[in-house]
J.: 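One structure coming up, written as structure tokens, with questions to follow.
Each chain gets a letter, A, B and so on, in the order its sequence line appears, and its residues count up from 1.
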2 protein chains.
Amino acid sequence: MSENKPKFRRESPELRREQLIEATLRVIARKGVSAATVREISAEAGVAFSLIRHHFKTKEDLMCAAYAYHMQKMAQLSLSSATDQTRPLADRLRQCIKDTLSPPVTNGAALQVWAGFIQMVPHDARMKQIHRDTYLGFRDTLEPLIAEALTANKTPWDPRLVEHKAIACNAVLDGLWLEGSMLPDMLPAARLIEVAETTLFAILDLPLATAPIDIPT
Amino acid sequence: MSENKPKFRRESPELRREQLIEATLRVIARKGVSAATVREISAEAGVAFSLIRHHFKTKEDLMCAAYAYHMQKMAQLSLSSATDQTRPLADRLRQCIKDTLSPPVTNGAALQVWAGFIQMVPHDARMKQIHRDTYLGFRDTLEPLIAEALTANKTPWDPRLVEHKAIACNAVLDGLWLEGSMLPDMLPAARLIEVAETTLFAILDLPLATAPIDIPT
DNA sequence: GCCTTTGTTGTACGTTCGTACAATAGGGGC
DNA sequence: GCCCCTATTGTACGAACGTACAACAAAGGC
């Protein structure tokens, strides 16, 4: 009978912090923000609840870290192929549309997490900063694509027109993401992508391929 | 010294319920859902906190009522002029755009309330029903306008095309509402309306008036 | 193999939450 | 003007919350 079974594992602060953050996001996704207590989160992570305060000064700190982590992951999943200059513009655009409007980005759980954090934004300066940075990062990634599309289309443009169209494209994607996440059985990914492609290509005056090309995942 | 000053006023259940609902919405808008406790809400309404349980069986019941109340008010503010058949189509559309993307609909506080409720939707069947009804009501109001625009434009259409365009228009408005509510100083109402008009009229193939007409509020 | 470091646990405390219930009092019906 | 109904109040209770702190133990340095 071996008695050298350790009661717990020591992990590096970085790894443990990430585990706690991901446990937080899972709890919020599954049961909502109000259920994301330190006890529930630590149970999800499989540690004692008092450990949270060793890695995060307050619970609010954990929430901020989780918000930044979640938004960064979403933005990366959405726009990872936007800057891949080896592929033609239309391909990149369609890939971004597909990535944004398919799971796991367009997803009820992800929306839950996002909505939970959004309502904290006005009451916490750090949350506000994270939110602003995320939104601007998204738009800053989108704008070069818009400019490239207008140039390819020989449409004369100035920064204001690009920003105008970036706002519009962003709004279409945000709106479809929202509705597709909330009502997945009414608006399946294929429908969302179809609407987004039609609308975005119309906004950008790009020719719309009639038959969908094969987009690698 | 008059001593006949009453300690409180008796109100009808209907009025008191509405007062409590509106107090709930004010608290959520100001301090977030987590601060919307029965004590905070009743203080906002100027009554004893135990009164809430006399008019609402549980706090969850109050939240559901407040959610339905809020969404109904938002939808009404947004689309009140959609069915006014005495005005030309383009006017009605532009009025809806303006109403949707200006305060008090596009508004940080309204977004806070909405986000707070949204994260309750997956965990409560009644909330889910309210949400579904609101969304479908919005789209059902929008679709006749789309169909009318296509007809006026002599574009042949079937229900699927109308639905497609309704989803797109809805997404544009939702997305702009979202971003305008979150970042009002970066996206003022005038900008949102400009983008929405351009995009929606493009989706519907309607001629866009170059100079903004005077839209009554 | 011991020692130091610190990641980890368990317990305890004060606060605030939603709920329950008996007592009070406003106000319309008669 | 009295009485009944019930809207309203005040107090109390158990549960769960975030936080604080001392004791324990895993794991690398020597």
J.: I need the B:N170 CG to B:L200 CG distance, nearest 0.5 Å.
T.: 9.5 Å
J.: Return whichever of B:A48 or A:K57 has its heavy-atom-nearest nucleotide of DNA chain D closer to the 5' end.
T.: B:A48
J.: Report the residue (A:S12 or B:R39) whose heavy-atom-nearest nucleotide on DNA chain C is the more 5′ of the two.
T.: A:S12
J.: For a quick test of reading the model: is some side-chain N or O of A:T37 closer than 4.0 Å to OP1 or OP2 of D:dC17?
T.: yes
J.: What is the distance from CE of B:M63 to P of C:dT19, rounded to the nearest Å?
T.: 10 Å
J.: What is the separation between atom CG on A:L62 and atom P on D:dT19, rounded to the nearest whole Å?
T.: 10 Å
J.: The test is side-chain contact (heavy atoms from CB on, under 4.5 Å); show your working for B:E44 and B:T24 and say whether it passes.
T.: CA-CA 8 Å; B:E44 173 74 25; B:T24 302; over 6 Å; no
J.: Quick one about B:R132 and B:Q129 (side-chain donor to acceptor, distance below 3.5 Å, no hydrogens or angles considered), yes or no?
T.: no
J.: Just how large is the angle between the end axes of the helix from C:dG1-D:dC30 to C:dC30-D:dG1, five pairs per end, to 10 degrees?
T.: 10°
J.: Any side-chain N or O of A:R10 under 4.0 Å from OP1/OP2 of D:dG28?
T.: no
J.: From the options D:dT19, D:dA25, C:dT19, select the nucleotide whose nearest atom is closest to the side chain of B:K59.
T.: C:dT19
J.: When you match B:I52 and A:E40 each to their closest nucleotide on DNA chain D, which lands nearer the 5' end?
T.: B:I52
J.: Using a cut-off of less than 4.0 Å, is there contact between a side-chain N or O of B:R16 and OP1 or OP2 of D:dT8?
T.: yes
J.: Look at B:H54 and D:dT8 and indicate whether a side-chain polar atom (N or O) is within less than 4.0 Å of OP1 or OP2.
T.: no
J.: Considering heavy-atom distances to DNA chain C, does A:E11 or B:R53 have its closest nucleotide positioned more toward the 5' end?
T.: A:E11
J.: Whole Å only: how far is the CG atom of B:L51 from the P atom of D:dG10?
T.: 11 Å
J.: When you get a sec, tell me which of D:dT19, C:dG7, C:dG26 is the closest nucleotide to the side chain of A:F49?
T.: D:dT19
J.: Please verify the inter-ring angle class for B:H70 with B:F117; under 30° counts as parallel, over 60° as perpendicular, anything in between as tilted.
T.: tilted
J.: Within this structure, what is the CG-CZ distance for the pair A:L142 and A:F138, rounded to the nearest 0.5 Å?
T.: 6.0 Å
J.: Can you tell me how far P of C:dG18 sits from CG of B:D61, to the nearest Å?
T.: 14 Å
J.: Between B:E60, B:Q119, B:M120, which is the residue that forms a side-chain contact (heavy atoms from CB on, under 4.5 Å) with B:M127?
T.: B:M120
J.: Pick from B:E163, B:H164, B:K165: which one makes a side-chain contact (heavy atoms from CB on, under 4.5 Å) with B:I167?
T.: B:E163
